[in-house]
Every structure is written in C-alpha cells, then in structure tokens.
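All heavy atoms count here, side chains included; hydrogens, waters and symmetry mates do not. Naming convention: chains lettered A, B, ... in sequence-line order (proteins, then strands); numbering from 1 in each chain.
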2 protein chains.
Amino acid sequence: MSTAFDLIAQHAKTTWALAQVMGRLGWDQETTMPRGAASQRAEEMAALEGVLHARRTDPRLGDWLEAAVAPDAAGEALLRHVRRSYARNTRVPAALAAELARTTSMAQGIWAEARARDEVAHFLPVLTRVIALRREEGEAIAQGGTAYDALLADYEPGTTGDEIGAMFDRMRPRLVALRERVLGAARQPAPLRGEFNHDGQMRLARKLAETFGYDFARGRLDLAVHPFSSGSGADVRITTRVAETDPFNCFYSTIHEVGHACYEQGIDAAYAFTPLGEGVSMGVHESQSRIYENQLGRSRAFTGWMFEAMRHEFGDLGLPDADAFHAAVNRVQPGYIRTEADEVHYNLHVMMRFDLERALIAGDLAVTDLEAAWNDRFKADFGVAVDRPSHGMLQDVHWSVGLIGYFPTYSLGNVYAGCLMKALRADRPTLDDDLAKGNLEPATGWLRDRLQRHGGLREPRDTIEHACGFAPDETPLLDYLEEKFAALYDL
Amino acid sequence: MSTAFDLIAQHAKTTWALAQVMGRLGWDQETTMPRGAASQRAEEMAALEGVLHARRTDPRLGDWLEAAVAPDAAGEALLRHVRRSYARNTRVPAALAAELARTTSMAQGIWAEARARDEVAHFLPVLTRVIALRREEGEAIAQGGTAYDALLADYEPGTTGDEIGAMFDRMRPRLVALRERVLGAARQPAPLRGEFNHDGQMRLARKLAETFGYDFARGRLDLAVHPFSSGSGADVRITTRVAETDPFNCFYSTIHEVGHACYEQGIDAAYAFTPLGEGVSMGVHESQSRIYENQLGRSRAFTGWMFEAMRHEFGDLGLPDADAFHAAVNRVQPGYIRTEADEVHYNLHVMMRFDLERALIAGDLAVTDLEAAWNDRFKADFGVAVDRPSHGMLQDVHWSVGLIGYFPTYSLGNVYAGCLMKALRADRPTLDDDLAKGNLEPATGWLRDRLQRHGGLREPRDTIEHACGFAPDETPLLDYLEEKFAALYDL
C-alpha cells in the first residue's frame, strides 16, 4: 500500500518527465524545426500543456497533500514544491488561463509587428489586455496579497516586490554614478576589430563550454537566433549565435548558457524526476550564468587565457597585449538595448523595467502612459533620449507573452553572483592563478558543491545563503563593479 | 452543445497531436539526443505513452462511440479508426500491456548482445516470453479469431494471414526461379567502385529528395544509423546514411524515405489532427517508399538522369555508359541480410519471416526449433547455408521488440507498388521520357492525386484499388521483376 507521499512522488515523476518533453519541443522549435511546422507545433504544445495543467491541478493531489508526511528534508522540499504548484494552478479559473494563453499567443505576433514598424500604438490595446489578465491572475493566486508578488513568485518564490524594490533603490545611485564616471573617463579602451570566421568561433565556443565544465555526453551545442539553455537532468542543451565581426557575442553567450546548463547538469542525480531536479528559481539560475559569464569569464585572469586561445584560433587580434584584450572584453558603451548591455549598464535596464511593470500591475501607471514613463526614466538613468520605440519600450518580448515579474530575476541573479564570487574568492585564494591557466574546476567545482548539486532542496535565498555562508545583499556586486571598472578606466 | 461525433473528433485531435510529440521524441533519440540521455528519454517516452494509452482507452470514448453519427464519409472513416483503436486497446488487460512493455524493452538489449556474440541460446528464453505474451495479446484482441490476424491488424487492417499466405505461396516459386536464372546468367554486370565523398553524397541526396517532391519547408534531412522517416502533417523528417564506398546506399535510402515522407506530406491538410491525417497502413506506406525507390528510382529512364547527376558531382564513375550504370544499380547478389537485399531477393527474405512468425504464434513451431527452421528454409530459397546466427535469425530487431505481423507488410508494399506502377504507366504513356529528364512530377503527382492525399479515408486494400482502378494482386510485381531482370541479365 503506497503512502500519500509515495503517490505524490510518483505523480510528480511523471509530471517532471512530461515537462521535460515540453522543454524538448521548445528546443526543437528554436533549432531544428522546419519553418512550415509552426502552427502544427503550436497545437502539439497546447495539447501537452493541457496534459500538464490537468496533472498539476489533479484533485487527487489535494487529497494526498493533506495526508502526506515527508520522510526527510528532500521529501519536505518535494511537498513544498508540489503544494505551491497545486495551490497556484487550482486558484486560477480555467477560463482565465485559457484567455491568457490565447491573448499572449496573439500578443507576441502583434508585438513583433509593432517593433518592426516602430509603432507603439499598434501594441497598446493588446498590452492593455495582457496586463489586465495577468493582474486578474495575480489577484486570484494572491488571495489578499499583492498581485505583483504573486506573479513574481512564479519565477522567484520567497521574495516580494517591496524587498526587491528597496534593494534596487539602494543600487541605482551607485550604478548611475559609476556609469557617469566610466563614460567620462580619459582612458577609453580600444574595441576588438576584424572578422572572425564562423567555424573558428564555433570551435572555440565548444572549447569554452568544455573548459567551464559543460558535459557534452549529456548535452549539445547548436545555433539559435536568441541563445538559450534547455532541459534538466541528463539532457541539457545549449545554443549560441555567431556574428563574424563580434566574436565576444558568441563566446560570452556560450559561457552564459553553459552557466545555466552546468547548474542543471550539476544537480544531484537522486533528485532527477522530482521538482528538486531543476534549478530552484530564475534568480538563482541567473546567478550561475552570470558568474560564469562575468565574474569568471570576463576576469583579468581568465581573459589572459582567452587572449591566447583566440590568437591560437584566429592569429593576431590587433590588440597589443592581454591587458588591452581584457579592456576590450569589458568595454563600457552607452546603448539602448538591454541584451547588448555591459556589466555597468545592465542592471539599470532591469530596474527600469521592474519599476514600470510593477506600476502597471498595481494600476499606478496606465499602459497609455508607459512610453513616456519609459523614455523619461531612460533619459534620467542613461543620460540619452530614446530615439525610437524599438530601442525603447518595444525592445523586449517579455511583456507581450505575459512575463511579468520575470525581469527583476536578472538583476537578482547578478546580486547573487556578486555574493557567490565574494565567498568563492575567500575560499579559493589561488583562484586567479587557476583562471589564468584556463583551469575553471576550482571555481565551478566549488559552485557545484556549494550550490548546484542541491537543486530545489532549499528556497532560492536560502540556497544562496547556504552556498555563501552569509545572507545575500547587493554590496558585493557593487563593490566588485566599482573596483573592476575603476581599474579598467583609471578612475 | 457538442454532438458525440464532435467530442470524438476533438478528443482525437489532441491524441493525434500528442502522438506527433511521441514521434518527435523518437526522431530526436535517433538523430540529435546526447548519448547520456538514453535512460531519461525512456522515462519521458513511458510517461507520454501512459498519457496516450489513457486517452485511447478513455471510457468516455466508449459512450460517445455508441451515440456518434458521422456527418460524411471522412467522418465515418474517423469513427472507424477510433472504434478500432478503442476496441483494440481496451481488450488488452493493463497488466499484460505493462508486462509486454517491460519484456520487449529488456529483450531488445538481450537480442543486441546475442547478435554481437552470435549466440542464439542467449536470446531464446526472452524470445519465448515475447512470443507467449504477444500470442496472449493477440488472443485478447481477436476474441475468437486467430491471434496472428489480430496482431497483423495493428499494421495492416483488413487482411488476414491466410490471404497473405496464399499470395506469398503463389509468388515464391516464380521468385526462386527468377533468382536462379539471374545468378546463373552468363552476363553479370560490373559493380560501381571507388570512393564518393561524404559532402557530395549529402548534396546529391538533398537534390534527389527535392527531385522526388519532398518539401523541405515541412521537413529536414539528417543522418541516422538506420534511415527512417518520422512525423505527419507539417513536420515530416527523413534521415539517411553515408558510406563512402557505397553511395547507392545513401541515395536509395534517401529516395525510399522520401517515398514514405511524401505520402505523409501529400495527405489532404483537412485531415490533419485526425486519424485520417497519416498513412493508412504499413503496407500502403511501403508501397510509396518502394515505388519511389525501385519502380521509379531504379528504372532505366531515371538512372540515366542519375548517371549524369553523379558524374556531375563526382566526376568519372568508371562505368562506360548509362546502361552499365543501370546494371550496376540493379546488380543482383546473393546475401544473408534482408536490409541489403536487391529487388529479386527481398521478398524471399520477407516470406520466410512471415511463415516462421505465423507458426510461432500459432504454436506450430517452438522457439527452440526456430533456428533450424530458419536455416532449412534459407537453404531452400537462397541456395546457400547460413554461416552464422547474426546472418540468420538474429539479424533483425523486429521480434525482440514484439513486432510480429509487421514483416509481411514489406512485401505487401512491393505488391502494391507493382500494381500502382502498372496503373501509372497506363495513365502516363510518356512517363519514361519524363523520368529520363529527372522530372518526377508526372509520377509523384499521380500518386499524390490517386493515393497519398486520401490518407486514412479508405481501408488499405481499398486505397490501392481506388488508386489503380483494379483489385491488387501479385501479378504486376512479378511481371515487372521478370521483365526487368530478363533484360538486364539477357535471360
């Protein structure tokens, strides 16, 4: 006779496996699917989503959850994940869920048209509808709390908009000040110039993935328009892109996705087929991609190794030495686009979106006033005026597909990465020597042991605190940025 | 208020979409999946199979089927497919289905070991179990009919073992006689020799696929160890393989899979997301792959075009002219292996397996006597003794995975292809002129219009009869083979 806990675990196993299948369909869609298959694929994914939704709201889960007793800490975590998912999904009326799916599916196409035409007005009616529906959904889930916090919990459980807002308010002045000092500095590093052939970039991307510990026996590297990582357990795939004049885009996209993928690959195999067998939140996930990409990948020590690796692959790079290469890798440049932003600008982009989307959901900002609010804020934080909507509020896909509460996890990831790097440096005094030799294992092994292998065992913030040995806050990240760019720009 | 018919159609749509997802997982497994993901993928597929099985035996289907009234002929066909699937799946006890899945999954590995070691005894216990379980399943489905016919109906509904057996008995003497005359002929054509580079083979394979009408906007060509075609509707993918010393293997594998794929791609789009939206049976499917590969692809007319295409890609082929090339393409050689057999030998391989598996299921042949029975029959039909089990009864994967009733559909496909070619030639008197120019559209357009577009509208045999205008039998195939090889071997 199975216990209620066993029944939940068995149910979760099948759900987890089917969710992996859904992830695989998404990967296929972005990498290998024939272009003519798009609408058939949409039906296939809708059918599978229906199966998953039915499982997540299976009334038997409600009964079992009332009776279940966890045998251990991992069992308690499993029940916490299942309970949260069950509560969240059963609180949303089916008609609202269906309307949201229909509206966001349509909204994405309208957003793409609006961005192509640089025409905000084309997007506003459907965005208004998306915001209203997501607010309604948030309120249904929140049951008295704020709608925004309920939406945020889909991506980063255990935190609130108020907490994040307070932290971002502390970060913003220091970042704005740093940005101004860097852009006004007398020393401005030269960029990398030239053409770097496709095959050479892919060879080095593959080598970088291996160097950072990505296991190709349980993954693969393909091309995609927008690089992403996909899957959990024994099948975690990454993608990158290649522009012949911008090899850093390929290399740092690869390292970023490798960070995501190594988190998934590093989780204890005993957690596979349970809700613990995947990254615990978007913020913690982003901490791994960011520390791999930035704190490690863009460090002076590692770029020294990379300078030689690139010269070996491509010959002379037109840069005199490893210091100049490091400066080129970390060159700060003003720009409108979040996804192209450097370490100094990136969080300013995110904070802006967080404040705006929170105001939209709270009803403090009307969708019709969004463009003006965006442009005012951009001028204040970045010092320049937005020249066109595709460089402004139309640049990101997120809101059109209903991803609200997602943006802040990007900066939360950076903050967490700052904390992890501080703790890692304290534990590994010879880290730079290893990085300079292209030996990432002391860093990635530490991350695997302290964080990655635990998967969803602890709540996100506890996951970071457990890894670092201290409660995370924004200070290590800001200290790191100020120190790094003061040295690079001779501030 | 939805009618019972509407409810069935809606239910079938979701099932069809999920079945496509299962097909896509299979494709991924054979082409792109990381090697370390195999056991996770097995769990994913088992989870999805569970979903599909629950849908196919959904008790609501039983109620709806009792009340449903079809609005038209396509609706009647839909009900026929759903009724057959529901009856078949509900008649098999869940415990038996689970035991079969477990046993065949294990048996495949044991078979692979036995084949690698050339050790029949290693395979016999599990094969005994597979045969017993499939017999039990066949009896459960048949409800009084013969178990073999019930199993056969999974692949080729509407025919019986007796019918196929009688036809094969008529074919066998003529094929054995033809084989002896060809191998004893004074004129023996020279084979193609040399090395043909990988990229050139893939370029020409792609060109052949396009020439035969494969739509790359709704498909793609990849490499696989054993070539296959996969998917229906707007996403039908093919695979091929490349051996540098055997380019015909790549080219004719490609054309064969293109035949399967063009059938799926050619089905009326209105049938997508219904059981009519896929090839109606294995035999009819094989008729398309075989007529593309053999009657069209290995014809004197088309090989003339192909001779020039290969010379263009690879330079001199070491063969004096298109006649010699045609003879090399169609070279008849004795051999142990079904999948490598030429048109003269192929059906002899299949008939042997059909007789043996039918006797196994009927209980007229014990598994322990199978090897002796195989070897006796091989000597009788092929004139040589089997030299080792991996060249004999261990060569095919089918029985290990429980595919019993599948083999005869290969030869049924050849018989159907013979009929279709006879009708096509009668309707298209200038066919050879078109083939000689590499213009396949008069042939493939005829097949699309007469057969492919109708998908599952008619039963398999009716599908062929509708296309040909006459009831199919083996005579056209045998006439075609005798005429073709008499000319090639100067008999």
Next item on the list: Just do the side-chain contact (heavy atoms from CB on, under 4.5 Å) check on A/Leu48 and A/Glu44 with the steps written out, would you?
Entry: CA-CA 6 Å; A/Leu48 189 55; A/Glu44 291 167 7; over 6 Å; no

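- Counting heavy-atom pairs under 4.5 Å between each of A/Val51, A/Thr31, A/Thr32, A/Asp28 and chain B puts A/Thr32 at the top.
- Residue contact with chain A, scored on non-hydrogen atoms closer than 4.5 Å, is absent for B/Met45.
- In this structure, A/Arg206 contributes its side chain and A/Met202 its backbone to no donor-acceptor pair below 3.5 Å.
- Formation of a donor-acceptor pair under 3.5 Å by the B/Ser85 side chain with backbone atoms of B/His81 is not found in this model.
- Residues of residues 209-225 of chain B lying under 4.5 angstrom from chain A, judged on non-hydrogen atoms, are B/Phe216, B/Ala217, B/Arg218, B/Gly219, B/Arg220 in numerical order.
- Using a 4.5 Å cut-off on side-chain heavy atoms (C-beta onward), B/Thr3 and B/Trp64 make no contact.
- At a heavy-atom cut-off of under 4.5 Å, chain A is reached by B/Lys13, B/Thr14, B/Trp16, B/Ala17, B/Leu18, B/Gln20, B/Val21 from residues 7-23 of chain B, listed in order of number.
- Between the side chain of A/Glu264 and the backbone N or O of A/Gly279, at least one donor-acceptor pair lies under 3.5 Å.
- Here A/Arg203 does not pair with A/Asp199 in a salt bridge; the nearest charged N to carboxylate O distance is not below 4.0 Å.
- A donor-acceptor pair under 3.5 Å is formed between the side chain of A/Tyr263 and the backbone N or O of A/Val280.
- In this structure, the separation between CZ on B/Arg60 and CG on B/Leu65 is 12.0 Å, given to the nearest 0.5 Å.
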I would like to know whether B/Leu440 and B/Tyr292 meet side-chain contact (heavy atoms from CB on, under 4.5 Å); could you show each step before the answer? CA-CA 9 Å; B/Leu440 272 289; B/Tyr292 278 54; over 6 Å; no

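- A 4.5 Å side-chain heavy-atom check between A/Glu257 and A/His260 finds at least one atom pair inside the cut-off.
- No donor-acceptor pair closer than 3.5 Å links the side chain of B/Thr103 to the backbone N or O of B/Leu100.
- Within residues 231-240 of chain A, the residues approaching chain B closer than 4.5 Å by heavy atoms are, in numerical order, A/Ser232, A/Gly233, A/Ala234, A/Asp235, A/Arg237.
- Distance CG/A/Leu208 to SG/A/Cys250: 8.0 Å, rounded to 0.5 Å.
- Taking CD1 from B/Ile267 and CG from B/Leu457, the interatomic distance works out to 11.0 Å, rounded to the nearest 0.5 Å.
- Scanning all heavy atoms of the two residues, the minimum distance from B/Ser230 to B/Trp27 falls at OG-CB, 3.6 Å.
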message = With side-chain contact (heavy atoms from CB on, under 4.5 Å) as the criterion, how do B/Gln288 and B/Leu451 come out once you've worked through the C-alpha distance, each side chain's angles and the decisive distance to 0.1 Å?
response = CA-CA 9 Å; B/Gln288 300 305 288; B/Leu451 188 151; 3.6 Å; yes

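- No side-chain donor from either of A/Glu30 and A/His226 sits under 3.5 Å from a side-chain acceptor of the other.
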task: Kindly determine whether B/Phe251 and B/Thr254 satisfy side-chain contact (heavy atoms from CB on, under 4.5 Å), including the steps that lead there.
output: CA-CA 5 Å; B/Phe251 301 148; B/Thr254 302; 5.5 Å; no

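- Remark: A/His285 NE2 to A/Ser229 OG distance equals 6.5 Å, nearest 0.5 Å.
- Contacts of B/Arg24 with chain A are made by side-chain atoms alone, with heavy-atom separations under 4.5 Å and no backbone atom involved.
- Within residues 36-43 of chain A, the residues having any heavy atom under 4.5 Å from a heavy atom of chain B are, by residue number, A/Gly36, A/Ala37, A/Gln40, A/Arg41, A/Glu43.
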